[in-house]
Amino acid sequence: MTELANHPLRDDHAGTSEPASAKPPGPCSIIIFGAGGDLTKRLLIPALFNLAQTGLTPEKFVVIGADIAKRSTDDWTGSLHKILESFIGDPNAEDQISTISEPSWSKLIAHMSYVQGDFTDAAFYQSLKIEIESLEAKHGTGGNRVFYLAVADRFFGTIIEHLGAAGLVEHKDDANAPWRRVVIEKPFGHSFESARALNAQILKVLKEQQIYRIDHFLGKETVQNIIALRFGNGMFEPIWNRDRIDHVQITVAETVGVEGRGKFYEQTGALRDMVPNHVFQLLAMVAMEPPVGFNPEAIRSKKFDLFAAIETLTEADAVRGQYGTGTVADKPVIAYRDEPDVAKDSATETYVAMRLKINNWRWAGVPFYIRTGKHMSCRMTEIAIQFKKAPLAAFQDTSLETLPPNWLVLRIQPDEGIALQFEVKHPGQTMRLAPANLEFWYRDWFKPEPNVGYETLLYDCMIGDQTLFQRADMVEETWRVVQDVIDAWASTKPIEFPNYESGGAGPAASDRLLSDDDKSRHWRDVAIPKKDPRA
Ligand code: BG6
């Protein structure tokens, strides 16, 4: 660390409060539906606060919070401040902060206002319109609006229809006319059909360029870095294909359980909650073709092409699991079926593993294995790329089978970084091989800054950059890939549930996805990488 601190290449400006090349967005209002919800409290407002502190909120700006509860603006902003306070010094908090800059907070809340209303009542949108127009006039936001739907998915279509009927989201193809954008949280549909129906419903009111379908994984620096790594360097592209890559493993392991979300999770399960959205976004970043330009449509079209090339999965390509009792982070934990609001004979999966085939020239014959689960041994998201072995073992007494493979591991979270594993000569008189690691850790190279993962997404929405948001066709295509598995699982009850211990690596049955293809393939350990393997 001390050596790195003085390294001539270390970017000491990265992560400082100076907006390097980013400029504050132009004037606008953000209207948050679901102002009292967890997402707003724990992520959106902290992200706006972080943006405000780095000078990246508009100068002419207003944030309107809307929700069903009757309360004053002061009560609303007071409760938001309390959440920020609770983050201070908590290593597990969404925002790693040591203090709250009160002048910055006061400046932000001077732009905030709360309105009460029922999202299903047409009359509410009339009063909202009056409120928005009066605040727009007061703050000079020029009629530019972001509507952020931080609400349960059943409200998405209804709210957008009401916004349309009230004339709140009118869009003109004129660069000088005020713009209106709508951010839609996940889940976008719960099946191929429902995603299509929702797209059809909202596209009657909005144009595609007004719609920002969010997937918060794309707000993570390390996820955006995959594009930088692949397309900002010449050395990777020649080996990034079926000639050199054996297979790819994507793991999103979580230690949390369903965290009081039993009602939601019973209807959702691990597959719908994580795969067509978060896991497929990681997959797209690692497997898409180079875009023809760094603009939203060029990048999103390449992602769509990738999704379109994934073969529709069958039940044989998937393994499901549900956690039983066990120990997570040294604490005993209950089984999924004992969680509040969960059926005692629940068939909902809390773990899913899948084998994907991508039918294009780059990836034909290279399996992508993905897995995600709750109550696993540690929190770890990584993309691990296994390269093909050397074609010949040119050393005495070393058989080809014993040569370990090379891995390139992109560590998404926590301990963000990149590691390359290869063989070196073990010191001594004989030619003996030993694995070694070349590692890059973000925290050694860049100064960390408070970031809840929504800053970039909110900022991009305010400046009108849709690169990191899902297009209608992309969402539908990802549901198409998994729909047959969803249907098959809905019609057969898994008798073996629960089938993995909390605090473990998931069900043993998922090993077969790899070993059926090649006996020498195994899942990588679900373990936090050691910064220094000798330590
Ligand atoms: C959410 C899922 O979208 O993502 C949760 O609904 C999951 O179940 C979460 O825990 C994971 O996100 P992160 O950023 O904590 O890795």
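For this chain, numbers begin at 1 and follow the sequence in order. Both counts, for ligands and for their atoms, begin at 1 and track the order of listing.
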Peer 1: Out of T268, I214, D273, whose heavy atom sits nearest atom 6 (O) of ligand 1?
Peer 2: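 Shortest heavy-atom distance from atom 6 (O) of ligand 1: D273.
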Peer 1: If you count every heavy atom of other residues, nucleotides or ligands that lies below 6.0 Å from K331 atom NZ, does the total exceed 12?
Peer 2: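 No.
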Peer 1: Does the side chain of Y323 pick up a donor-acceptor pair with the side chain of E349 at under 3.5 Å?
Peer 2: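 Per modelled atom types, Y323 and E349 side chains form no pair under 3.5 Å.
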Peer 1: Can a salt bridge be assigned to the pair E254 and R379 using a cut-off of 4.0 Å between side-chain N and carboxylate O?
Peer 2: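 Result for this pair is no, no salt bridge flagged.
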Peer 1: Return yes if some donor-acceptor pair links the side-chain N/O of D338 with the main-chain N/O of I334 below 3.5 Å, else return no.
Peer 2: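 Looks like no, no N/O pair under 3.5 Å.
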Peer 1: Do me a favour and list the nearest non-hydrogen protein atom to atom 15 (O) of ligand 1 with residue, atom name and distance?
Peer 2: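 Heavy-atom neighbour on the protein nearest atom 15 (O) of ligand 1: R379 NH2, 4.2 Å.
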Peer 1: Which of the atoms in ligand 1, numbered in the order shown and given with their element, are less than 4.0 Å from a heavy-atom of F217?
Peer 2: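 Under 4.0 Å from F217, ligand 1 has these atoms: 12 (O), 16 (O).
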Peer 1: Number the atoms of ligand 1 from 1 as they appear, then name those within less than 4.0 Å of a heavy atom of R261, with their elements.
Peer 2: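 Going through ligand 1 atom by atom, the ones under 4.0 Å from R261 are 2 (C), 5 (C), 6 (O), 8 (O).
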Peer 1: Output yes when a side-chain donor or acceptor of E455 lies under 3.5 Å from a complementary backbone atom of F49, and no otherwise.
Peer 2: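 Checked: no pair found.
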Peer 1: What is the nearest protein non-hydrogen atom to atom 12 (O) of ligand 1, stated with its residue, atom name and distance?
Peer 2: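 Sorting protein heavy atoms by distance from atom 12 (O) of ligand 1 puts H216 NE2, 3.1 Å first.
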Peer 1: Within the 4.0 Å heavy-atom shell around H278, which atoms of ligand 1 are there?
Peer 2: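 Within the 4.0 Å cut-off of H278, ligand 1 contributes 1 (C), 3 (O), 4 (O).
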Peer 1: Mark yes or no for whether W479, through its side chain, and S194, through its backbone, hold a donor-acceptor pair below 3.5 Å.
Peer 2: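 No, the answer is negative, given that no donor and acceptor are paired below the 3.5 Å cut-off.
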Peer 1: Using modelled atom types and a 3.5 Å cut-off, is there a donor and acceptor pairing between side-chain atoms of E266 and backbone atoms of D341?
Peer 2: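 Not at all, since once roles are kept as given, no pair shorter than 3.5 Å links the two residues.
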Peer 1: Is the shortest distance from a heavy atom of Y265 to ligand 1 less than 4.0 Å?
Peer 2: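 The answer is no: ligand 1 sits nowhere under 4.0 Å from a heavy atom of Y265.
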Peer 1: Please report whether ligand 1 has a polar contact with E254, defined as an N or O pair separated by less than 3.5 Å (distance criterion only).
Peer 2: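 There is such a contact, yes.
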Peer 1: Distance alone, cut at 3.5 Å: any donor-acceptor contact between the side chains of R524 and T251?
Peer 2: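 Result is no, nothing qualifies.
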Peer 1: Please list, in number order, the atoms of ligand 1 under 4.0 Å from a heavy atom of K186.
Peer 2: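 Answer for ligand 1: 1 (C), 2 (C), 3 (O), 6 (O).
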Peer 1: Please write down residue, atom name and distance for the protein heavy atom closest to atom 16 (O) of ligand 1.
Peer 2: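 Protein heavy atom at minimum distance: Q413 NE2, 2.7 Å.
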Peer 1: State the atoms of ligand 1, each with its element, that fall below the 4.0 Å cut-off from a heavy-atom position in K374.
Peer 2: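 The list of qualifying atoms is 5 (C), 7 (C), 8 (O), 10 (O).
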Peer 1: At less than 4.0 angstrom from any non-hydrogen atom of K220, what atoms of ligand 1 do you find?
Peer 2: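 Close to K220: 13 (P), 14 (O), 16 (O).
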